[in-house]
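Here the structure is laid out as structure tokens; the discussion comes afterwards.
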Amino acid sequence: MTEVTDPSNGLKKLVLKSAQGSTAEVYLHGAHVTSWKSNSGEEQLFVSKKAVFRPPKAIRGGIPICFPQFGHLGPLEQQHGFARNSPFEVEAATSASATLVLRPSAEQLELFPHSFELRVKVTVGDDELQQELTVQNTGADPLPFTTALHTYFAITSIDKAYVAGLQGVPYIDTLKGRDVLTQQQEQVRFQQEVDCIYINTPSELKVVDEGRQEVVVIRKEALPDAIVWNPWVAKSKAMSSGDFGYDEFESMLCVEAAVAASGAVTLAPGESWAGKQTLRLAKLEQLKRNSARPVMTTLAEEGHQRKAVISSTLNEAASVARISAEYMRLREAGRCVCAIVVGVAPLMRTEFGKHLIFGILAATGRDFALADAIMNLGRARSKLAADDGSCISKEGDGQWMHKHLLAALPLDDSAGTLTLEVAVHNENVPELLDELALWTGDARVQVAIGLKGLLKPLDATGHSEAPEMIIVGLERVPGKPFAVHGPTSFGANSSCTAPGLPEYKLSLDAHMFYQGTSDEPRVPPGTYMSIDLFQLRQILFCCLKLDPSEDYHVDGSQLPQVLQEVKQFRRTHGYKCVGARHSPRHQLPRLVLGTA
Ligand SMILES: O=P(O)(O)OC[C@H]1O[C@@H](O)[C@H](O)[C@@H](O)[C@@H]1O
């Protein structure tokens with residue numbers, strides 16, 4: 001590290017250098033990184049030509065540190081807090097890294113009565129820049145804060161740049177109000193002013209510059225949120241009397257790794273918090289190659305330890321948020337690459353169910369355009385209360401489903417085994433299993449799938465259907481494809497004995513599906529269940545990649561016999577599957593039995 005005084009402004013700054021020649025410059029004023037150049041010498045950060053280097057004014061561009069609050073998310077009137085306006089001290093340094101520290105001044109303590117130490121460690125690597133923030137509460141009271149690394153990226157042209165990694169993520173559009181919306185497009189592009197706070201984003205985001213065919217990959221740790229900002233024409237003009245050029249919006253965009261709308265961090269006295277941002281430069285071509293693979297493959301390839309299990313009762317929104325957060329936490333820590341999606345297929349009928357499931361998918365960073373955000377769950381929950389929800393709306397349903405999932409599969413979370421509980425919108429199951437197969441390598445994988453079933457009283461003619469759950473267990477052991485893994489609801493407990501039933505109906509005794517609830521059975525014994533075997537077939541035959549030429553075609557009356565055969569197959573060949581029904585809607589064969 002070299003400490004220099006910049007002759008153009010008289011301020012002290014540190015110059016850091018990596019082995020292969022990447023550099024970074026850090027001003028002591030605000031611990032503000034104003035330059036990060038790649039190995040090739042190309043500048044990656046934008047600094048306004050009109051930036052004012054006169055403390056306490058914050059420097060326009062580079063990476064201002066917003067602390068102890070981001071924006072107005074905190075008690076201070078001053079937007080983004082005061083760290084960016086404050087002098088830091090150098091505490092330690094090597095040639096490629098420096099640690100700077102800020103302790104609040106008496107004046108600052110008056111405005112923000114919390115003692116703390118804010119450390120910023122800046123490290124430059126080859127084509128990489130890392131910033132670690134550490135906050136310690138050195139006071140006697142709890143210390144709440146929000147924060148952001150307000151990174152201004154230099155881009156060739158705003159119409160050739162976009163931010164990737166935010167699809168399905170909930171956000172607040174600061175320009176429109178406080179409603180929580182969901183990012184629909186895969187790419188956040190800029191055609192007007194953008195000022196959005198994305199909540200609980202995936203830990204990896206990308207700033208793509210098509211102009212120079214490069215991408216900066218942002219990795220965030222303990223910085224769950226991200227603000228995307230470009231002032232566009234009018235705001236730039238308004239700012240141009242100050243420290244921003246009227247046309248500079250064309251060559252910058254901000255993506256700010258933050259603790260913001262997902263909620264402040266509060267440190268007990270003596271407690272510390274650490275957050276980190278890593279920026280890495282890559283070629284766009286490389287990014288395209290990587291993005292063809294599922295996110296989770298990447299994690300697994302990177303050698304993270306595969307350890308699973310997040311499962312729980314899911315009878316209220318809070319559980320979803322908790323589980324999602326737990327998932328994100330474990331994933332951040334590199335300890336878990338496990339999808340959690342829990343058996344709530346019956347809920348799909350209700351608004352609540354949709355929110356629940358898509359909320360989880362959104363939280364796990366998956367690409368589901370339909371994904372509705374976790375943040376919408378509050379709203380969904382009130383709908384649930386209003387729902388008379390013929391079968392799912394009460395406390396206890398979560399436990400009930402969980403119990404059935406456990407019964408359907410011998411869940412195992414011992415080391416080396418990945419246990420998943422899966423229930424997603426049925427259409428998404430093939431994709432999910434495909435992905436699982438890819439990223440779980442040689443781990444043993446168990447999946448419980450909750451399928452939507454329909455309960456119909458035998459004599460009913462109208463639309464008296466109620467959604468019900470069927471659990472199908474799948475297992476993939478090393479060296480074998482996914483295969484049905486018993487006992488499942490479909491199998492020993494099913495038979496087709498009711499004369500006159502349309503052949504696609506199985507006479508499962510719905511009564512037994514309610515065992516384990518605290519409620520009285522709501523469906524009388526003798527009710528028959530029509531299973532949406534179309535979906536089952538989809539799962540078994542699309543996901544398990546069975547050879548259709550080996551299918552057996554039978555009708556419902558042959559079911560007992562078929563099941564016998566399945567059992568026999570299982571015994572003699574290991575893993576086999578059964579599924580599908582006659583469905584004029586889908587023009588499928590009546591019942592299909594395939595071998596794995
Ligand atoms: O002008 P400042 O205080 O540096 O803030 C710049 C921008 O910072 C972003 O983080 C905010 O979302 C914007 O609303 C704001 O305009």
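No experiment lies behind these values; they were computed from the predicted model shown. For ligands, and for the atoms within them, numbers begin at 1 and follow the listed sequence.
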Point to revise | Shortest protein contact, atom 6 (C) of ligand 1 (heavy atom only) | key: Trp229 CH2, 3.5 Å

Check your understanding: Quick one: nearest non-hydrogen protein atom to atom 1 (O) of ligand 1, plus distance?
Key ->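 Looking at atom 1 (O) of ligand 1, the protein heavy atom closest to it is Arg60 NH2, 3.0 Å.
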
Run the numbers for me: atoms of ligand 1, each under 4.0 Å from some heavy atom of [X], listed by number.
X: Gln79; result: 2 (P), 3 (O), 5 (O), 15 (C)
X: Asp195; result: 11 (C), 12 (O), 13 (C), 14 (O)
X: Lys235; result: 16 (O)
X: Glu256; result: 9 (C), 10 (O)

**Study point:** Residues Asp6 and Lys13 bridged, charged N to O under 4.0 Å
**Key:**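 Yes.
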
Review point. Do NZ/NE/NH1/NH2 and the carboxylate oxygens of Glu210 and Arg189 come within less than 4.0 Å?
Key: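 Yes, Glu210 and Arg189 are salt-bridged.
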
Check your understanding: Using heavy atoms and a threshold below 4.0 Å, how should the contact between His150 and ligand 1 be classified: side chain, backbone, both, or neither?
Key -> side chain

Check your understanding: Taking heavy atoms and a distance under 4.0 Å, where does Arg84 meet ligand 1: side chain, backbone, both or neither?
Key ->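 For Arg84, the contact with ligand 1 is made by the side chain alone.
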
Exercise for review: Among Trp273, Phe116, Phe82, find the one that has a ring-ring contact (aromatic ring centres under 6.0 Å, His included) with Phe67.
Suggested key: Phe116

Review point. Taking the inter-plane angle between the rings of His150 and His80 on a 0 to 90° scale, is it parallel (under 30°), tilted (30 to 60°) or perpendicular (over 60°)?
Key: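 Taking His80 first and then His150, their aromatic rings stand perpendicular (interplane angle over 60°).
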
Exercise for review: Using only heavy-atom distances, determine whether the side chains of Ser22 and Asp126 contain a donor-acceptor pair under 3.5 Å.
Suggested key: no

**Study point:** Exercise: do Ser203 and Glu221 side chains pair donor with acceptor under 3.5 Å
**Key:**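 The answer is no; no qualifying pair exists.
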
Review point. Should Thr174 be listed as contacting ligand 1, given a heavy-atom distance under 4.0 Å as the test?
Key: no

Point to revise | Met239 touching ligand 1 at heavy-atom level, < 4.0 angstrom | key: no

**Study point:** Pairwise distance OG1(Thr2) to CG(Leu16) - rounded to 0.5 angstrom
**Key:** 8.0 Å

